[in-house]
Amino acid sequence: MLKVENLSVRYGMIEAIRNISFEVNDGEIVTLIGANGAGKTTTLQTISGLLKPASGAVYLDGQDITKIPPHKIVTMGLAQVPEGRRVFAQMSVLENLELGAYYRKDRNAIEADLKNVFELFPRLEERKNQLAGTLSGGEQQMLAMGRALMAKPKIMLMDEPSMGLSPLLVREIFRIIESINQQGTTVLLVEQNAKMALGIADRAYVLETGKITLEGTGAELAASEQVRKAYLGG
Amino acid sequence: MAFLSYLISGLGLGSVYAIIALGYSMVYGIAKMLNFAHGDIIMAGAFASFFAMTAAGMPLIAAAAIAMVLCTLLGVTIERLAYKPLRNASSLSVLITAIGVSYFLQNAAQLMFGSDTKIYPTVLNGSFSLFGGQLSVSYLSIVTILTCVVIMGALTLFINKTKTGKAMRACSEDKGAAVLMGINVNRIISITFAIGSGLAAVAAVLLCAAYPSVYPTLGSMPGIRAFTAAVFGGIGSIPGAFLGGLMLGVIETFAKAYISTQLSDAIVFAVLIIVLLIRPTGLLGKKVSVKV
């Protein structure tokens with residue numbers, strides 16, 4: 001589904017990620033864990049085209065998307081839930097969701113997807129006419145996820161969905177990520193909450209200061225001494 | 001009765017400011033830049049409609065349509081050539097470029113049409129009386145106010161109900177997130193410039209109908225006043241531009257009528273300063289509060 005090959009990204013003189021390679025297969029949940037500043041967000045933003053790499057390539061279903069502008073990558077089936085949710089605060093919940101389906105013309109299918117989003121997130125339906133800026137953090141996270149789903153993605157990139165949420169809500173969000181995956185969407189998840197992420201991931205990569213240092217199944221990494229020390233609190 | 005008559009002519013003048021201010025405000029809201037060449041688009045619209053009527057003998061409506069098409073093309077071209085390459089530059093560079101474009105347009109007009117003032121044809125004169133002849137209202141004022149109200153209504157519907165309008169609002173809030181929705185931000189910016197410049201052409205015709213002289217720097221003062229109106233109402237806000245434009249026109253007309261013609265500009269700007277001291281984002285400016 002998604003293949004990242006020898007990707008390097010620079011901010012001026014600083015190399016944010018160095019020569020990283022990984023892949024996400026059809027139907028998987030893959031997680032990229034790592035500390036603050038490890039390059040997780042940079043990686044996602046480069047995949048979705050918001051940042052241009054210094055070298056390396058990103059393939060979506062075998063096609064090189066490295067040079068395709070970000071607004072076109074969405075139409076190829078890759079949606080991103082950005083860090084910090086970034087919902088359109090001055091627009092209603094419903095308008096936010098409609099914008100998620102911006103590039104699509106299949107009106108009936110959009111209607112059906114909207115229903116599906118409201119089933120996954122009943123809170124959003126209750127608040128569909130409210131301005132997104134008035135939602136709580138957890139609800140905004142749900143809206144950002146629902147909005148990405150409206151693009152009918154084959155693969156969904158999620159950047160720190162648990163950030164700033166209560167443990168209860170974090171569990172709720174992860175449960176929903178699993179059900180989105182079960183409905184057939186491949187997921188690439190970036191998280192600081194390594195414990196939760198490894199719990200649902202098929203496979204995982206550890207990113208440290210711009211390099212991939214470990215990889216394995218979710219269970220393998222959760223059991224690894226190195227990961228337990230660095231990310232799971234012993 | 002004098003009061004009512006001043007009020008109506010103030011609203012007429014204010015309607016022209018409002019139409020120009022809409023262009024300023026929309027471009028600022030979406031491209032986050034002050035397009036100081038906006039006033040000179042008005043000048044271009046004035047020359048285009050002037051020549052369409054005098055040299056080609058077209059009727060007013062056809063001339064206005066030609067001016068709108070030309071101004072739209074001009075606005076989009078300026079954006080492509082001068083502003084788009086600076087998308088990631090500092091806002092100061094963009095501002096200076098906009099001022100440069102403004103001088104370029106004025107000087108190009110002077111080169112092509114000369115610096116002498118041309119007299120715009122009389123397009124809409126006459127008036128009607130109310131209250132047994134005590135109040136005389138010019139048709140032009142009424143047409144100008146109605147045009148402004150119709151534009152405002154149409155634009156509000158467009159922004160709130162259409163897909164492109166919603167994409168414009170999304171871009172004005174967060175371009176990065178808008179791109180992730182599959183919105184082509186460059187295209188939205190082009191559309192914004194097209195709408196703003198088309199409206200400038202409408203304003204040009206209404207302005208020249210009221211003050212029938214056409215010259216290369218004719219857009220400067222109305223441009224600056226309309227910019228003031230946009231800030232007054234809350235730059236980036238469409239209803240704000242409307243309200244700010246109308247209020248500026250009324251304040252200016254009352255100041256001229258009741259206080260002093262020479263001081264009218266000073267009074268207008270004094271009111272602006274007071275409003276901004278009390279409400280730094282303008283009358284209807286967005287409060288910046290986003291929950292995290």
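Remember, it's a predicted structure, so these values are computed and weren't measured experimentally.
With chain B as partner, the option from A:Leu50, A:Leu78, A:Thr75 having the largest number of non-hydrogen pairs under 4.5 angstrom is A:Leu50.
By the 4.5 Å heavy-atom criterion applied to side chains, B:Tyr24 and B:Phe36 are counted as neighbours.
For the pair B:Arg279 and B:Phe232, the NZ or CZ position fails the cation-pi test of under 6.0 Å to the six-membered ring centre and within 45 degrees of the ring normal.
For a residue to count as touching a neighbouring chain, one of its non-hydrogen atoms must lie under 4.5 Å from one of that chain's; by this rule A:Ala148 does not touch chain B. For A:Gln141, no part lies under 4.5 angstrom from a heavy atom of chain B. With a 4.5 angstrom heavy-atom cutoff, A:Arg147 touches chain B only via side-chain atoms. Contact of A:Glu95 with chain B is made through the side chain alone, with heavy-atom distances under 4.5 Å.
Under the 3.5 Å distance criterion, the side-chain polar atoms of B:Ser197 are left unmatched by any main-chain donor or acceptor of B:Thr72.
Atom CZ of B:Phe104 sits in a sparse spot, with 12 or fewer heavy atoms from other residues, nucleotides or ligands closer than 6.0 Å. Within 6.0 Å of the OH atom in B:Tyr28, the count of heavy atoms belonging to other residues, nucleotides or ligands does not exceed 12.
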